[in-house]
Colleague: 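I have a structure here, written as structure tokens, and I will follow up with some questions on it.
The figures that follow rest on heavy atoms only: side chains count, while hydrogens, waters and symmetry mates do not.
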Amino acid sequence: MVRLPSVGMVVWNEFIHDARVINEARSLARNGYNVRVVALHNPIKTVQVQKYERRFSVVRVWRSLRPSKYIKETHRKSMPLPLRRRKGSWRSVPFLRRSVKAAAYVVTHVRILLLLVRMRPKIIHAHDFNVLITCWIASLLVKSRLVYDAHETSTSREGYRRISQYVALIERKLCRKVDAMITTTDTRAKYFARLYGIERPIVLQNRPRYQPYQQSNFLREILSLNSTWPIVIYQGGIQQGRGLERLIKAATYVKDTYFVLVGSGRKKDEIRALVDTLELSSRVKLIDAVPLEELPLYTASATIGVQPIENTCFNHFSTDSNKLFEYIQARLAIVATGFPEIRKVVDDFDVGITVNESGVSCLSDALSQLATNKVLLSQYRDNAEMASHSLTWEAQEQSLLDVYDSITRKIS
């Protein structure tokens, strides 16, 4: 048997909820590649070295200037703000706070680089722009092949507006140097090809692995939902541009229906405050992000999956996202914003309703229609059952293996 090259995947997260990277790593490991994922370490949430399965492991690097102080500092985040400032007044000085954050960012990238040099993988797989430069430098130092997996369009993305021109400049140069480029949708593949004058990247959608249908009352039990009303679920980041304020406002017009938001993010306190202001706490529930292996149990106990994302940037406009395919695997009817990639799935497989991304009324009307029309709801859920067999990670896995086979031939 031919020995396949080792692979070093790099992510700029703690590798807890990254379903896409887990699927890619497992596919490669189960087909003979030795895969190590380099991620970020938070001792409150993660272990530094973790074995997922045969040929697939994770090693995490510290994301602080002084790792020995990290646990103490993390615990202090739960302290009242005045106490924190008395013990470390530099945090109240914006310039010092930004300087320390920037220094920690650079040091963390150096740690990732040094780890990759020690690992000496034959193929380095950079997951998103955050780690592309570091992975490129490492590939030069250890003479590795480089794969760039653009999960997002970082030139037009929430939080990247101030640096978008620098992102484009760097990405343009490095995209032409990688051995293969992967992205998540056809719209994004066309965008990268036209913007940088490169060959169109391989498309691997954010699909989960196939899941047999399971009936579940999990949400009703853990949230003590006593009525038999339909449950509308949103799962994912509680972030800017996800349309969650509009969803909560729409809930006021969708009667006799529960709404459950599963996820974490910067806007969670704002969303919770809006729920309280609109006096919806009896029907709208918020749950923190849950482990990936438990998420299907939550999803399967809902009735309707919603994706009310807003057109705040091209990255949102060009998405389809994990949750869309997770809803289908759970056999839910779907209400989603009608962006091209989302519409392609929802309308082509007839699994729900796409709506205009502006205004509350169109979203509430669509949700009310599904919540009250049992025949239509059943039709969409039956169609989701059929779609669940084809919209899977397994159906596109070979495209990833083909990319790696091509690179492996170059190495040997």
Side-chain angles (χ1 to χ4, degrees), residues 7 9-31 33 35-40 42 45-46 50-53 56-58 60 125-128 130-131 147 149-152 182-185 188 202-212 214 233-239 242 261-265 287-302 305-307 309 315-316 319-332 334 336 341-342 345 384 387-401:
V7 179
M9 290 188 167
V10 185
V11 299
W12 189 255
N13 59 52
E14 293 161 352
F15 202 63
I16 300 174
H17 304 294
D18 204 326
R20 176 184 180 85
V21 182
I22 290 175
N23 279 333
E24 291 186 11
R26 279 186 170 144
S27 291
L28 293 172
R30 290 171 184 179
N31 282 275
Y33 292 89
V35 183
R36 293 184 77 185
V37 177
V38 179
L40 304 179
N42 178 340
K45 299 179 181 179
T46 61
Q50 184 178 4
K51 182 80 171 180
Y52 267 71
E53 57 186 61
F56 170 22
S57 61
V58 181
R60 296 179 174 92
H125 192 132
H127 284 280
D128 238 339
N130 310 57
V131 296
V147 176
D149 199 332
H151 300 191
E152 319 282 350
I182 301 169
T183 192
T184 56
T185 68
R188 289 175 176 174
I202 302 297
V203 174
L204 293 175
Q205 292 177 304
N206 288 315
R207 303 178 188 176
R209 293 182 180 273
Y210 175 76
Q211 299 161 10
Q214 58 176 326
I233 191 170
Y234 167 88
Q235 56 195 47
I238 313 297
Q239 306 286 4
R242 304 299 174 92
L261 281 66
V262 182
S264 301
I287 300 175
D288 288 336
V290 300
L292 279 175
E293 60 273 14
E294 297 177 15
L295 184 59
L297 189 63
Y298 288 75
T299 317
S301 58
V306 65
Q307 186 182 19
I309 193 165
N315 191 56
H316 283 184
T319 192
D320 50 18
S321 83
N322 299 57
K323 66 179 67 64
L324 182 63
F325 299 106
E326 290 164 353
Y327 295 156
I328 290 172
Q329 287 300 317
R331 282 63 163 181
L332 305 187
I334 294 170
E341 297 291 340
I342 297 172
V345 174
S388 69
H389 294 273
S390 57
L391 295 176
T392 64
W393 175 260
E394 291 89 337
Q396 62 180 12
E397 179 183 57
Q398 190 58 48
S399 295
L400 175 66
L401 298 177

Colleague: Is any side-chain heavy atom of Q329 closer than 4.5 Å to a side-chain heavy atom of T392?
Modeller: yes
Colleague: What I'd like to find out is whether the side chain of R30 reaches to under 4.5 Å of the side chain of E53, using heavy atoms alone.
Modeller: yes
Colleague: So how far is it from D128 CG to D149 CG, rounded to the nearest 0.5 Å?
Modeller: 7.5 Å
Colleague: Verify side-chain contact (heavy atoms from CB on, under 4.5 Å) between S27 and Q396, making sure each step is shown before the conclusion.
Modeller: CA-CA 11 Å; S27 291; Q396 62 180 12; over 6 Å; no
Colleague: Does a side-chain heavy-atom distance below 4.5 Å link I182 with V203?
Modeller: no
Colleague: Rounded to the nearest 0.5 Å, what separates atom CZ in R60 from atom CG in N13?
Modeller: 9.0 Å
Colleague: Quick check: closest heavy atoms across I342 and A336, and the distance to 0.1 Å?
Modeller: CG2-CB, 3.6 Å
Colleague: Please find the pair of heavy atoms, one from A330 and one from T299, that lie closest to each other, and give the distance.
Modeller: CB-CG2, 3.5 Å
Colleague: Identify the two heavy atoms, one from L40 and one from T46, that lie closest to each other, and give their separation to 0.1 Å.
Modeller: O-OG1, 4.3 Å
Colleague: Please lay out, stage by stage, how E397 and R26 fare under the test side-chain contact (heavy atoms from CB on, under 4.5 Å).
Modeller: CA-CA 10 Å; E397 179 183 57; R26 279 186 170 144; over 6 Å; no
Colleague: When rounded to the nearest 0.5 angstrom, what is the spacing between CG in L28 and CG in L401?
Modeller: 6.5 Å
Colleague: Do side-chain atoms of H17 reach the backbone of V290 as a donor and acceptor pair under 3.5 angstrom?
Modeller: yes
Colleague: Using 0.5 Å steps for rounding, measure from the OG atom of S264 to the CD atom of Q239.
Modeller: 9.0 Å
Colleague: Any donor-acceptor pair under 3.5 Å linking the side chain of N315 with the backbone of E152?
Modeller: no
Colleague: Is there side-chain contact between L297 and Q214, with at least one heavy-atom pair below 4.5 Å?
Modeller: yes
Colleague: May I have the step-by-step check of side-chain contact (heavy atoms from CB on, under 4.5 Å) for R20 and T184, ending in yes or no?
Modeller: CA-CA 10 Å; R20 176 184 180 85; T184 56; 3.5 Å; yes
Colleague: Does the T185 side chain pair with the main chain of T319, one donor and one acceptor, at a distance under 3.5 Å?
Modeller: no
Colleague: Compare every heavy atom of V7 with every heavy atom of Y33, then report the nearest pair and how far apart it is.
Modeller: CD2-CG2, 4.0 Å
Colleague: State, with a plain yes or no, whether a side-chain heavy atom of V306 is found less than 4.5 Å away from one of K323.
Modeller: no
Colleague: Atom NE2 in H151, atom CZ in R188: separation rounded to 0.5 Å?
Modeller: 10.0 Å
Colleague: Salt bridge (Lys or Arg N to Asp or Glu O under 4.0 Å) with E394: which residues, sequence neighbours excluded?
Modeller: none
Colleague: With the side chain counted from C-beta on, respond yes when Y298 and Q235 share a heavy-atom pair under 4.5 Å apart, and no when they do not.
Modeller: no
Colleague: Compare all side-chain heavy atoms of W393 with those of I22 and state whether any distance is below 4.5 angstrom.
Modeller: no
Colleague: Surrounding CD1 of I202 (heavy atoms of other residues, nucleotides or ligands, distance under 6.0 Å), is the total greater than 12?
Modeller: no
Colleague: For L391 versus F325, what's the shortest heavy-atom pair and its separation?
Modeller: CB-CD2, 4.1 Å
Colleague: Say whether, by atom type as modelled, one donor and one acceptor occur between the side chain of N23 and the main chain of R207 under 3.5 angstrom.
Modeller: yes
Colleague: What pair of heavy atoms forms the shortest contact from V10 to V131, and how long is it?
Modeller: O-CG2, 3.6 Å
Colleague: Run the ring pair (Phe, Tyr, Trp, His ring centres under 6.0 Å) test against Y52 and tell me which residues pass, sequence neighbours left out.
Modeller: F15, F56
Colleague: Within a strict 4.5 Å, meaning less than it, do heavy atoms of the V21 and E24 side chains meet?
Modeller: no
Colleague: Output, in order, the C-alpha distance, side-chain angles, deciding distance and verdict of side-chain contact (heavy atoms from CB on, under 4.5 Å) for V58 and V38.
Modeller: CA-CA 6 Å; V58 181; V38 179; over 6 Å; no
Colleague: What distance separates L400 CG from N31 CG, expressed to the nearest 0.5 Å?
Modeller: 9.0 Å
